Amino acid sequence: MILETFPVGPLQCNCTILADEETREAIVIDPGDEISRIHRRLTALGLILKQILITHAHIDHIGGALQLKSLTGAPIYLNENDLPLLKIMAEQAAWVGVPTPETAPPDEALTDGRVVGVPNYPAHVIHTPGHTQGSICLHFEPLKMVLAGDTLFAGSIGRTDLPGGNTDQILDSIHTRLLTLPEDTRVVPGHGPTTSIGYERRSNPFL
Ligand SMILES: [Zn+2]
């Protein structure tokens, strides 16, 4: 397996490349920015991109998705409850003070329970609304790993003061959908360092 997570763009969104070393098939999660760097890495590793998976439609996570799609032909996956956020991309760009990226409707829907990923490294989609209405986490059960987007961070939780945010809902999503995963599940958040479900269950002050 190839697994690389690195921060991209001014808001340092964690972008992840996951690939099967044998088949060279890859997925990219949250290519928010620095697409030429991500594309160079895929090329250097000799990978074939199969899916572009977006945890939610905030600009720092989705900003480069269409550019990566045009370079690779890979389809974009997004939960349909975040479509309203795509429509206000210019507003989102103004919040951050960056040019408005070109966007397009997703090719595929990241609906709850759907299985995505490459054949040897599947992930279940967990719909976790609260940070945004279409926020999802990706649970790679055999890898004991969850990509949590901006729902759960090391020692913190996602902000809920932006359009589509809801504090009761994010707490409910975390308690019922994430903290119920095995203790030793590694959590790769949308920003900042990696943690684990057990560690956050015991010590996260927001929970
Ligand atoms: Zn966000």
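Whatever order the structure lists them in is the order used to number ligands and atoms, beginning at 1. In this text the structure is predicted, and so the values were computed from the model without any measurement.
- Atom ND1 is the N, O or S atom of His58 at the shortest distance from the Zn ion (ligand 1).
- Scanning for side-chain contact (heavy atoms from CB on, under 4.5 Å) contacts around Asn120 gives Asp20, with sequence neighbours left out.
- Note on His56: its N/O/S atom closest to the Zn ion (ligand 1) is NE2.
- Of all non-hydrogen atoms in Lys69 and Asp107, the two that sit nearest each other are NZ-OD1, 2.9 Å.
- Restricting Asp150 to its N/O/S atoms, the shortest distance to the Zn ion (ligand 1) is reached by OD2.
- Scanning both residues, Leu152 and Pro189, for their nearest heavy atoms gives O-CB, 3.4 Å.
- Around the CD atom of Glu4, the shell of radius 6.0 Å holds more than 12 heavy atoms that belong to other residues, nucleotides or ligands.
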